[in-house]
Amino acid sequence: ALEMPAFIATKVSQYSCQRKTTLNNYNKKFTDAFEVMAENYEFKENEIFCLEFLRAASLLKSLPFSVTRMKDIQGLPCVGDQVRDIIEEIIEEGESSRVNEVLNDERYKAFKQFTSVFGVGVKTSEKWYRMGLRTVEEVKADKTLKLSKMQKAGLLYYEDLVSCVSKAEADAVSLIVKNTVCTFLPDALVTITGGFRRGKNIGHDIDFLITNPGPREDDELLHKVIDLWKKQGLLLYCDIIESTFVKEQLPSRKVDAMDHFQKCFAILKLYQPRVDNSTCNTSEQLEMAEVKDWKAIRVDLVITPFEQYPYALLGWTGSRQFGRDLRRYAAHERKMILDNHGLYDRRKLINHFEYIVQ
Ligand code: ATP
Ligand code: MN
Ligand code: MN
């Protein structure tokens, strides 16, 4: 860690895109606490407080030293009263009573479980909670519930999907995606994005961006890839969203807007041959012992036109907070609009389009 004199708090930017952040988090006990608070506010649909804690977490992750005294956070941006109180509690007591209260809260615990199911957000969690449900087990057992196709898959592969994706699994899936895409488009560029591109070694899914250099586009590529996986028995679930990008369309001003690329939220079957040779080592024995030799993995595939690829790469690399701050920085400090499709000059835009404020 850096020596304190080398660090000038007032020079720290409020925007995460203007700060250098490595994967070394010297303040994990604080940032974990903030993330619990943010999640709880998300469950309560209090976006302002949720963002306040996410920004504070992002800021403390960028500090090159561990916070040990209140003096250490003096002059830093993104530290409001709520955040300061929790930092103080943790410094003095080693833990925060406020955070412990949330961790023990019945509603928080239920929402935490529900939202860990693929296809389940705050709205569905609210519904289930009001029905008296509290655990994923209870949801699974309730045969009267109306579930979406996505939620059914989420529950069916629940155990696999909640266990994190490792770097090795990401590399294995990456090979499958690259090989399949290249059978149809040999020059296609397949890039891993999301947390793995940021250097993390675990994730909740694996994100890929696919583009074809040059003017040629293939609207059928995604369908061809999915069809082949279906034939090969590798596809456990998929939801293809067609592109909704229109050239004349205005960029969205929403900081958290979805993009308009053709994409697919899928669950792939990743075979994991057992190296464990103590009990069963032949496929017959595997079958007899009913040992599952595969794992369900969440995969996001996004197809982009080549000219929009850099913006898509920036957006899909994340983190979510980094993206939010990049767009906020573009809007407030540069009078521009950034989204996953491009960077637009607001003054020029106003001349060309009727500007609609969302
Ligand atoms: P994790 O390990 O939990 O997957 P992650 O950073 O990879 O972490 P993702 O939810 O996979 O998180 O998202 C990766 C990035 O892609 C994020 O920055 C997010 O903003 C962006 N993203 C995710 N879903 C969409 C979407 N539907 N439209 C546009 N951007 C998205
Ligand atoms: Mn991801
Ligand atoms: Mn994803």
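All values below were derived from every heavy atom in this structure, side-chain atoms included, with hydrogens, water molecules and symmetry-related copies excluded.
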Run the salt bridge (Lys or Arg N to Asp or Glu O under 4.0 Å) check on E126 and R130 step by step: do they pass? CA-CA 6 Å; E126 186 77 57; R130 285 202 188 151; 3.6 Å; yes
Main-chain N/O of [Y] paired to [X] side chain as donor or acceptor, under 3.5 Å:
X    : Y    : answer
R19  : S13  : yes
D105 : Y108 : yes
D339 : G342 : yes
D72  : V67  : no
Q151 : S148 : yes
Q113 : T135 : no
R298 : I206 : no
S243 : H260 : yes

Heavy-atom closest contact ([X] atom, [Y] atom, distance):
X    : Y    : result
V117 : G154 : CG1-C, 3.8 Å
Y311 : H341 : CD1-O, 3.6 Å
G203 : F196 : N-CZ, 3.6 Å
A188 : V181 : CB-CG1, 3.6 Å
C238 : L235 : CB-CD2, 3.8 Å
V120 : S125 : CG1-OG, 3.7 Å

Give me the ring orientation class for [X] and [Y]: parallel if the planes are under 30° apart, tilted from 30 to 60°, perpendicular past 60°.
X    : Y    : answer
Y157 : W294 : perpendicular
Y15  : Y329 : perpendicular
F111 : F43  : tilted
F34  : F53  : tilted

Using 0.5 Å steps for rounding, measure from the [atom1] atom of [X] to the [atom2] atom of [Y].
X    : Y    : atom1 : atom2 : answer
R328 : L326 : CZ    : CG    : 10.5 Å
T21  : L63  : OG1   : CG    : 9.0 Å
C78  : R55  : SG    : CZ    : 6.5 Å
R134 : Y129 : CZ    : OH    : 4.0 Å
I87  : T68  : CD1   : OG1   : 12.0 Å
L189 : Y309 : CG    : OH    : 4.5 Å

Would you say [Y] ends up clustered with [X] if hydrophobic residues are merged whenever their side chains have heavy atoms under 4.5 Å apart, either directly or through other cluster members?
X    : Y    : result
I192 : L234 : yes
L60  : F49  : yes
V12  : V83  : yes
V139 : F118 : no
L103 : I90  : yes

Basic-acidic side-chain contact under 4.0 Å: R98, E93: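 Looking at R98 and E93, the cut-off is not met.
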For residues [X] and [Y], determine if any side-chain heavy atom of one lies less than 4.5 Å from a side-chain heavy atom of the other.
X    : Y    : result
Q74  : K71  : yes
K292 : D160 : yes
R346 : M336 : no
L156 : L236 : no
N212 : D218 : no
M70  : I91  : yes
M37  : S96  : no
N46  : I48  : yes

Are more than 12 heavy atoms from other residues, nucleotides or ligands located less than 6.0 Å from atom CG of N179?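 Correct, the count exceeds 12.
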Check this for me: K224, atom NZ, are more than 12 non-hydrogen atoms of other residues, nucleotides or ligands nearer than 6.0 Å? yes
Dump the intermediate steps for side-chain contact (heavy atoms from CB on, under 4.5 Å) on R334 and L343, then the final yes or no. CA-CA 11 Å; R334 292 283 181 266; L343 178 64; over 6 Å; no
What residue among D207, T193, D259 forms side-chain hydrogen bond (donor to acceptor under 3.5 Å, both in side chains) with W316? D259
Result of checking I176, V165, I267, L161 against I297 for side-chain contact (heavy atoms from CB on, under 4.5 Å):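 Of the listed options, the one satisfying the test is V165.
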Listed once per pair and sorted, the side chain to side chain donor-acceptor pair (under 3.5 Å) pairs that draw on residues 195-206, sequence neighbours left out: R197-T317
Under the salt bridge (Lys or Arg N to Asp or Glu O under 4.0 Å) rule, what do E35 and R320 come out as? Steps first, then yes or no, please. CA-CA 13 Å; E35 280 165 3; R320 198 154 256 151; over 6 Å; no
Is there a donor-acceptor contact under 3.5 Å linking the side chains of Q272 and E169?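 Short answer, yes.
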Could you go step by step and tell me if K140 and Y158 meet the side-chain contact (heavy atoms from CB on, under 4.5 Å) rule? CA-CA 10 Å; K140 274 185 180 175; Y158 183 72; 4.2 Å; yes
List the steps and the verdict of side-chain contact (heavy atoms from CB on, under 4.5 Å) for R324 and L54. CA-CA 11 Å; R324 280 191 196 110; L54 289 178; 3.7 Å; yes
Ring centroid separation for F7 and F65, is it under 6.0 angstrom?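 Yes, they do, as the ring centres are separated by less than 6.0 Å.
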Please evaluate residues D171 and K167 with respect to the criterion salt bridge (Lys or Arg N to Asp or Glu O under 4.0 Å), reporting the C-alpha separation (whole Å), side-chain torsions for both, the decisive distance (0.1 Å), and the verdict. CA-CA 6 Å; D171 290 338; K167 180 75 178 62; 2.8 Å; yes
Please report the C-alpha distance between S174 and F208 in whole Å, then the side-chain angles of each, then the deciding distance to 0.1 Å, and finally whether the side-chain contact (heavy atoms from CB on, under 4.5 Å) criterion is met. CA-CA 8 Å; S174 185; F208 293 95; 3.7 Å; yes
